[in-house]
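For clarity, every value in this text was computed on a predicted model and none was experimentally measured.
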There are 2 protein chains.
Amino acid sequence: MRLSSLAAEAGLPTATVKYYLRLGLLPAGTAINATESSYGDVHRERLRLIRALRDVVGLPLDRIARVLEAIDHPSPTLYETLGRAVGALDGHEAGPGDHPRARAALAHLGMPYEPGFPAVAQLDRALAAAESVGLPVDLERLERYAEHLRALAAFDLARMPIPDADEPPDTWPAAVRYAVLGTALHEPVLVALRRLTHQELAVGLTS
Amino acid sequence: MRLSSLAAEAGLPTATVKYYLRLGLLPAGTAINATESSYGDVHRERLRLIRALRDVVGLPLDRIARVLEAIDHPSPTLYETLGRAVGALDGHEAGPGDHPRARAALAHLGMPYEPGFPAVAQLDRALAAAESVGLPVDLERLERYAEHLRALAAFDLARMPIPDADEPPDTWPAAVRYAVLGTALHEPVLVALRRLTHQELAVGLTS
């Protein structure tokens, strides 16, 4: 299909699709003559993902580029690739520094401490913020959170399209897409539902 | 204490404290002569809460005002007061409209549907967003989320300073403060820890 059809189908202006091509967010099409190229399913899929990240998740283009970079140039293992892609959702760069609160929390929970993962820095900042207003997350709360989150994580992963260990990286994009969009879009559901369960229980106690 | 001392203790410029007084975020002090007033613990506490909401939670002043308004002019029940205060954390106004996805989800979970609560609209938006990218939250996922969130909510509420039902509204501010700051500051901990439990489980499956 021509660029104009690809753009029309994606509901985007042609200029936007050309811009994504120039930025490398979208791979080049197959040249059919000196001035035109042909585009196919790969491009259609990619535009769908870009639109979901841009319009639904609300991610700026530089972070969308980091997600796509993890798909197009995966790390040696799927695990690291997922970590990079999901890490792009967090606006903060993964600091190379130490994250003492997260380190202590993860050690207590028997979880690996990998300072290069953005979620570790994210946890450290969140723990520091809670501490700074006099509502520190103590060990008991951490344990309870982790217990229930592990159960939910097991549920999520059981539904993830995970390729077998011996499958090549070109089977990974579906897993990366699921992990990134699932993280970005299921977190707000979880947070809203959490507020509602608080309210549900509070009504019995406070009215 | 004088205004200048109050500001110095709070780590704020005097002009900022005067601004909060003009906006009504901070109650007036007790006049000690024609040009000066005296401030005490009430003001000190209030500034601490404003700073936590402004600097740690990152809430804009108009939403801080809505939290304080719920404290200063509580609704008839503590339950409604908490709902209003926590609702101020969400940037969206509570729509008076219908929220069909949230309604169906809450009905399925046997939870009350109160369209006036911001978290209901928040849940509806989150469900719509997930659906729009082809990752709808089905009933099984909803049930699992709710099951674990209820357990966590019970834990949180057991630690909340909830006054007895017959205690007057002037005992409510501590509960409101805990609910607002706990919601704002424990959610990011939960979200970060969720990403880490995903990674913890994923390493076994994908590396």
Side-chain angles (χ1 to χ4, degrees), chain A residues 52 56 77-79 82-83 86 106 111-112 117 119-120 122-123 125-127 129-130 132-133 135 137 141-142 144-146 148-157 162 165 175 178-179 181-183 185-203 205-207, chain B residues 52 56 77-79 82-83 86 106 111-112 117 119-120 122-123 125-127 129-130 132-133 135 137 141-142 144-146 148-157 162 165 175 178-179 181-183 185-203 205-207:
Chain A
V56 184
T77 65
L78 174 56
Y79 174 63
L82 292 173
V86 172
L106 294 169
M111 290 171 66
F117 273 163
V120 172
Q122 191 185 349
L123 176 63
R125 282 193 307 277
L127 292 172
S132 76
V133 301
L135 284 173
V137 177
R141 189 182 291 267
L142 266 181
R144 294 296 291 274
Y145 279 12
H148 292 286
L149 291 170
R150 276 180 173 136
L152 288 173
F155 175 83
D156 290 332
L157 283 174
I162 299 176
Y178 176 90
L181 290 180
T183 298
L185 295 169
H186 292 161
E187 272 172 9
V189 172
L190 198 78
V191 163
L193 204 52
R194 176 165 184 258
R195 293 190 183 182
L196 291 166
T197 58
H198 276 146
Q199 290 184 342
E200 183 190 20
L201 296 190
V203 70
L205 293 168
T206 59
S207 61
Chain B
V56 184
T77 66
L78 174 56
Y79 174 63
L82 292 173
V86 172
L106 294 170
M111 290 170 66
F117 272 165
V120 172
Q122 190 185 350
L123 177 63
R125 283 194 305 277
L127 292 172
S132 75
V133 301
L135 284 173
V137 178
R141 189 181 291 268
L142 266 180
R144 294 296 292 275
Y145 279 12
H148 292 287
L149 290 170
R150 277 180 172 136
L152 288 173
F155 175 83
D156 289 333
L157 284 175
I162 300 177
Y178 176 90
L181 291 179
T183 298
L185 295 168
H186 292 161
E187 272 172 10
V189 172
L190 197 79
V191 163
L193 204 52
R194 177 165 184 258
R195 293 190 183 182
L196 291 166
T197 58
H198 277 146
Q199 290 184 340
E200 182 190 20
L201 296 189
V203 70
L205 294 169
T206 60
S207 61

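Using a 4.5 Å cut-off between heavy atoms, B/Leu142 touches chain A through backbone and side chain atoms alike. Residue contact with chain A, scored on non-hydrogen atoms closer than 4.5 Å, involves the backbone and the side chain of B/Ala154 alike. Interface residue B/Phe155: only side-chain heavy atoms are found under 4.5 Å from chain A.
Interface check for chain B: of the options A/Val56, A/Val120, A/Leu106, A/Val86, the most heavy-atom pairs under 4.5 Å are formed by A/Val56. Contact tally against chain B (heavy-atom pairs below 4.5 Å) for A/Val191, A/Asp156, A/Leu123: the top residue is A/Asp156. When B/Gly83, B/Pro112, B/Ala130 are compared by the number of non-hydrogen pairs under 4.5 Å with chain A, B/Ala130 comes out ahead. In terms of non-hydrogen atom pairs under 4.5 Å with chain B, the most contact-rich of A/Met111, A/His198, A/Arg150, A/Arg195 is A/Arg195.
Residues A/Ala52 and A/Leu181 approach most closely at CB-CD2, 4.1 Å, considering heavy atoms. When all heavy atoms of B/Arg194 and B/Thr197 are compared, the closest pair comes out as O-OG1, 2.9 Å. Listed here is the closest heavy atom pair of B/Ala119 and A/Ala192: O-CB, 4.0 Å. For the pair B/Ala146 and A/Leu193, the tightest heavy-atom approach, listed with the atom from each and the gap, is N-CD2, 4.1 Å. Looking at every heavy atom in both residues, B/Leu82 comes nearest to B/Ala179 through CD2-CB, 3.7 Å.
Inter-residue side-chain proximity for A/Glu187 and A/Thr183 is flagged as met; some heavy-atom pair is nearer than 4.5 Å.
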